[in-house]
Amino acid sequence: MSDPRTTPDPSKVTQQTPKQITAPIADLMRRPDGPRDRQLIFGDTVTDLGIDGQWHYVQAAKDGYCGYLQSQFLGPVQPATHIVHAPATHAYRAADFKSPNQCGLTFSSRVTALSETGKYVETSLGFIPKQHLSPANRLFSDPASVAAFFLGTPYLWGGNSRWGIDCSGLVQTALLACGIPCPGDSHMQETLGQAATGTFKRNDLLFWKGHVALVSDPQTLIHANAGAMACVYEPILDAIARIQSQGDGPLTAHRRL
């Protein structure tokens with residue numbers, strides 16, 4: 001049976017139009033006015049599959065996830081020239097950090113340069129500091145380093161940004177930033193890499209029922225979790241014992257990328 005999260009419903013498909021997210025963050029809903037399944041961020045691309053009033057049925061390019069977005073979050077595709085490679089940044093009204101900040105952008109937001117000054121890149125949202133941007137095709141090489149950008153970020157179910165993230169969102173963001181394809185849900189991520197045993201190694205993935213964490217070193221993991229309500233480091237053995245003691249079961253998988 002096909003998964004409705006990643007397989008478009010043929011009865012809802014009336015078009016296939018490339019679109020782009022034009023808001024800093026947009027909730028991808030399970031149904032119009034329904035619960036959030038995931039989030040998309042500025043510059044993410046989608047295929048617009050159909051319109052239901054003010055809601056568009058879309059499929060995200062980065063992971064194939066299907067859901068509903070409000071029309072004000074979508075616009076035409078603009079080829080990105082830069083990507084936000086800081087945990088977060090501001091877009092300013094002028095090329096001056098003392099000018100009003102017009103919006104915030106999270107890590108991995110993709111923007112199109114309109115012009116450049118000595119220290120800023122002008123975009124449709126405003127002027128972004130150059131030190132927070134990299135060429136759009138730049139990749140990181142270490143997922144655990146990317147995950148560390150989100151330390152202290154509040155836990156948010158379905159979140160994918162510096163302002164709120166969940167366990168699978170953290171892993172997906174870290175892997176995609178390194179050019180490693182990654183689905184959006186933890187049980188889908190359990191197919192990544194190869195089964196591993198024994199010593200934990202940096203960038204291994206650890207799974208529980210409904211939860212995933214990324215190994216930082218042989219004794220420590222990093223994860224966004226509802227226990228801390230934040231993205232935190234935690235000793236691996238402590239996490240295994242705590243999660244089982246709270247009734248969420250044992251470690252179910254250890255995968256090596």
**Message:** I need the full list of salt bridge (charged side-chain N to carboxylate O under 4.0 Å, His left out) pairs touching residues 146-171, with sequence neighbours left out, sorted by first then second residue.
**Reply:** R38-D166
**Message:** Looking at S99 and D96, would you say the former's side chain and the latter's main chain have a donor-acceptor pair under 3.5 Å?
**Reply:** yes
**Message:** side-chain contact (heavy atoms from CB on, under 4.5 Å) for S161 and Q39? Distances and angles first, verdict last.
**Reply:** CA-CA 8 Å; S161 84; Q39 288 182 323; 4.2 Å; yes
**Item:** Test side-chain hydrogen bond (donor to acceptor under 3.5 Å, both in side chains) applied to Q244 - qualifying residues, sequence neighbours left out
**Value:** none
**Request:** Report the C-alpha distance between Y68 and H56 in whole Å, list the side-chain angles of each, state the deciding distance to 0.1 Å, and finish with yes or no for ring pair (Phe, Tyr, Trp, His ring centres under 6.0 Å).
**Result:** CA-CA 5 Å; Y68 287 88; H56 291 242; 9.7 Å; no
**Request:** Taking only Lys NZ, Arg NE, NH1 and NH2, and the carboxylate oxygens of Asp or Glu, determine whether K12 and D52 approach each other closer than 4.0 Å.
**Result:** no
**Asked** Okay, side chain of Q59, backbone of L49: is any donor-acceptor separation there less than 3.5 Å?
**Response** no
**Message:** Treating Q20 as the side-chain partner and Q78 as the backbone partner, does any N or O pair qualify as donor plus acceptor under 3.5 Å?
**Reply:** yes
**Prompt:** Donor-acceptor pair, Q189 side chain versus P183 backbone, under 3.5 Å?
**Reply:** yes
**Item:** Parallel, tilted or perpendicular: ring planes of F149 versus F140, cut at 30 and 60 degrees
**Value:** perpendicular
**Prompt:** Mind checking whether Y120 and Y92 have parallel, tilted or perpendicular rings, split at 30° and 60°?
**Reply:** perpendicular
**Request:** Indicate yes or no: does D248 engage K209 in a salt bridge with an N to O separation below 4.0 Å.
**Result:** no
